[in-house]
Protein chains: 2
Amino acid sequence: MLKATAQGADIRNRILDAAFETVRTEGVARASARTIARNGSFNQALIFYHFGSVNDLLLAALDRSAGARMERYREVLSQASPAEFAPLARQLYLEDVEAGHSTVLAELFAAGSGNRALGAEMLKRLQPWLELAESLIRRFLAGTPFATLVDARAAAGAVLAMYVGIDLFNHLDGDRSRATDLFDSGERLASVFAPLFGVKS
Amino acid sequence: MLKATAQGADIRNRILDAAFETVRTEGVARASARTIARNGSFNQALIFYHFGSVNDLLLAALDRSAGARMERYREVLSQASPAEFAPLARQLYLEDVEAGHSTVLAELFAAGSGNRALGAEMLKRLQPWLELAESLIRRFLAGTPFATLVDARAAAGAVLAMYVGIDLFNHLDGDRSRATDLFDSGERLASVFAPLFGVKS
DNA sequence: GTCTATACTTGGATAGAC
DNA sequence: GTCTATCCAAGTATAGAC
C-alpha cells in the first residue's frame, strides 16, 4: 500500500533529500543535476521535470530546511530572557550545524555571489532572519543605556554576516572550535552585563 | 623606449589587472580564461603560459592587492589608540571597498567554498589577518576588565568572518549603508566605553 | 613569447519513446 | 511520470605554428 507513495509523488522528497545531501557533503559546485541524480539513484531528467532547473531545486531544498529551523528559532527564542539567551543561541547554532543547515546555507550564499538569479533569491531569504534578529536585539536593548547607542538593524545585519562568514570558514577548514570559543566569550560577557539588563545572572 | 616594457614583460601586469577587474565587476564565476583575456585584450593562452592555471592567476591578483592593503593596515593601526581606532578602521574599510579589494576577497572566499584547492589557499591567506586582528584586540583589552572575559583569538575570527560576510551581502545587493551604520554604532559605543580603557574620548 | 586551432570534459536542458 | 538519447554551450588546457 506504500507503493504509490514510495515510488510516485514521494520522488519529490527523494530529490530534495539528494540535493540537500549533495550540497552538504560535496558543495554547490559539485551539485550538478547529474551528481544529485546519481547520489539519489534516480534519473537526471526528473529534476527538470519536477523543479524546472537545478537552481530552483537547490533553493527548494534550502527552503525546506530553513522553514523548519525558523520555526524552531521562534519557538525557542520567543520567551527567552537576556540571561538565557546566550546558551540557547549556542544550542540552536549547534543544531544548525548538526542538521547540515549552516553548511547548505553558506554554500548557497557563496554560490549566489557568482550567480545573479541565485543571489537575488538568497537575499529574499535573508529578510525574515534579519527581522527576527533585529526584533530580538531591540527587545533586549530596550530600557538599557545601549538602546540609543546601538543601531538594531545594523547589528542584526552584522550578526547574520558573522553567522554566514563563520560557516564559510568552518567549511574551509572544519575547525569546530571557532563558534564554540565565541559562545564561551559571549556567555562570560552576558553574565557580567546581565545586571545592566535588570536580570540577575 | 617603452615598447619592450609595454608589450613584453609587462604583460604579466596587464593579465593581473584584467583578472582583478574581471573578478571585481563580474565575479569569479564569470572570470574564466576566455573572459579575462577578452577584458584585457590579450590572448587566452597567455594566462596558462604565465600563470599555469586560472586559479593561480586569481590568487596572484588577490595577493598583489592584499599585500598592499596589509602594509597599509599595519602602518595605520600600529600606533592607533583605542579612541582613534573606530574612525581609522572605518577609513581602512572604505579604502578596501573603493579599491575593489573587499569584493575580490569575498568572491574568492565564496569560490573557495566549492573548490578544495582554492579553499586551502584562501585559508592560508587568512592567517596573517587573523594574527593582526588578534594582536590588536589583545592590545586594546590589556588592563581592562574585558581581558579575562574575551577570547582574543575567537574575537579576531569573528571580526574577519563578519568582514567577509558583510562583503558577501554587499555584493548581493549593493547596499553600502550596512557597514556605515555599523561603524556609526561602533563609534558611539567606543566613545562611551573609552573611559574603561583609560583614554579620554 | 605570442598566436591559432583544437582536443577534451562537464553540465543544463529538452525531445520523444515508453 | 519516468526513461534514453542527445544537443548545445562554456570552459580548461595543450600542441604546434610563427
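Below, chains carry the letters A, B, ... as their sequence lines are ordered, and counting in each starts from 1. All figures in this text were calculated on a predicted structure; none of them were measured in a lab.
For the residue pair A/Arg138/A/Ser135, the side-chain donor-acceptor check at 3.5 Å is not satisfied. With 3.5 Å as the limit, one finds no donor-acceptor pair spanning the side chains of B/Asn43 and B/Tyr49.
Among the atoms of the strands shown, only primed sugar atoms or phosphate atoms (P, OP1, OP2) are found under 4.0 Å from some heavy atom of B/Ser53. Residue-level contact check: A/Ala45 touches the bases, meaning some heavy atom is under 4.0 Å from a base atom.
Ion pair B/Glu95/B/Arg69 flagged as a salt bridge, since at least one NZ, NE, NH1 or NH2 atom sits closer than 4.0 Å to an Asp/Glu carboxylate oxygen.
The separation between B/Gln44 atom CD and D/dA13 atom P is 10 Å, rounded to whole Å. In this structure, the CZ atom of A/Phe51 is 17 Å from the C1' atom of C/dG12, given to the nearest Å. If you measure from atom CZ of A/Phe48 to atom C1' of C/dA15, you get 14 Å, rounded to the nearest angstrom. For the pair B/Ile36 CD1 and D/dA13 P, the interatomic distance rounds to 12 Å; values are reported in whole Å. Protein atom CG of B/Asn43 is 14 Å distant from nucleotide atom C1' of D/dA15, rounded to whole Å. As a whole-Å value, the separation of A/Glu26 CD from C/dT10 P is 14 Å. When rounded to the nearest whole Å, the span between CG of B/Leu58 and P of D/dG11 equals 13 Å. As a whole-Å value, the separation of B/Asn13 CG from C/dG1 P is 13 Å.
For A/Arg34 against C/dT10, no side-chain N or O and base N or O form a donor-acceptor pair under 3.5 Å.
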Apply ring pair (Phe, Tyr, Trp, His ring centres under 6.0 Å) to the pair A/Phe146 and A/Phe140, showing each step before the final yes or no. CA-CA 9 Å; A/Phe146 295 104; A/Phe140 288 170; over 10 Å; no
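Both A/Arg30 and A/Tyr49 lie near DNA chain C, and the one whose nearest nucleotide falls closer to the 5' end is A/Arg30.
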